[in-house]
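Beneath this line is the structure, given in structure tokens, with notes to follow.
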Amino acid sequence: MPKPLTPVPAPWPAPPHPRPDCARCAELEARRATARNEYDRSVETDCNVMLRRHLREAHS
């Protein structure tokens with residue numbers, strides 16, 4: 001089977017990366033990691049949304 005000429009896009013965006021010097025980023029990352037370890041994808045997704053919003057509002 002031939003390889004596609006262009007990469008196939010991911011069905012969702014990559015998770016956001018918290019800023020290392022921000023307490024709120026660290027809090028959301030910790031909640032997201034706990035949710036991921038507990039296989040709670042709903043809370044993990046909520047944390048991604050909150051982290052993206054925080055990054056946009058506080059760090060841009």
Side-chain angles (χ1 to χ4, degrees):
M1 176 179 231
K3 293 173 72 174
L5 298 177
T6 59
V8 177
W12 52 85
H17 298 286
R19 293 280 182 99
D21 57 341
C22 177
R24 179 68 175 149
C25 285
E27 174 192 346
L28 290 169
E29 172 60 21
R31 288 174 60 188
R32 181 173 67 176
T34 299
R36 188 180 302 125
N37 289 337
E38 295 173 354
Y39 300 99
D40 189 341
R41 299 301 182 220
S42 178
V43 172
E44 182 181 356
T45 299
D46 290 346
C47 289
N48 284 337
V49 170
M50 289 186 288
L51 183 54
R52 279 191 185 92
R53 183 178 301 143
H54 168 73
L55 290 168
R56 184 176 58 249
E57 293 173 356
H59 299 295
S60 55

field: Partners meeting side-chain contact (heavy atoms from CB on, under 4.5 Å) with S42 (sequence neighbours left out)
entry: D40, D46
query: Is there side-chain contact between E29 and C22, with at least one heavy-atom pair below 4.5 Å?
result: no
task: Could you work out the complete set of other residues in the hydrophobic cluster of L55, with links drawn between I, L, V, M, F, W and Y side chains under 4.5 Å apart?
output: L28, M50, L51
For R56, salt bridge (charged side-chain N to carboxylate O under 4.0 Å, His left out) partners two or more places apart: none
message: The criterion is side-chain hydrogen bond (donor to acceptor under 3.5 Å, both in side chains); which residues satisfy it with R52, sequence neighbours excluded?
response: none
message: Applying side-chain hydrogen bond (donor to acceptor under 3.5 Å, both in side chains) as the test, list every pair that has at least one member in residues 14-28; sequence neighbours left out.
response: R24-E27
task: Mind checking side-chain hydrogen bond (donor to acceptor under 3.5 Å, both in side chains) for E44 and listing every partner two or more places apart, or none if nothing turns up?
output: R36, R41
Qualifying ring pair (Phe, Tyr, Trp, His ring centres under 6.0 Å) pairs with a residue from residues 18-52, counting only residues at least two apart or across chains: none
- request: Could you list the residues that satisfy salt bridge (charged side-chain N to carboxylate O under 4.0 Å, His left out) with R53, not counting sequence neighbours?
  value: none
Pairwise ring pair (Phe, Tyr, Trp, His ring centres under 6.0 Å) hits with a residue in residues 40-60, at least two apart: H54-H59
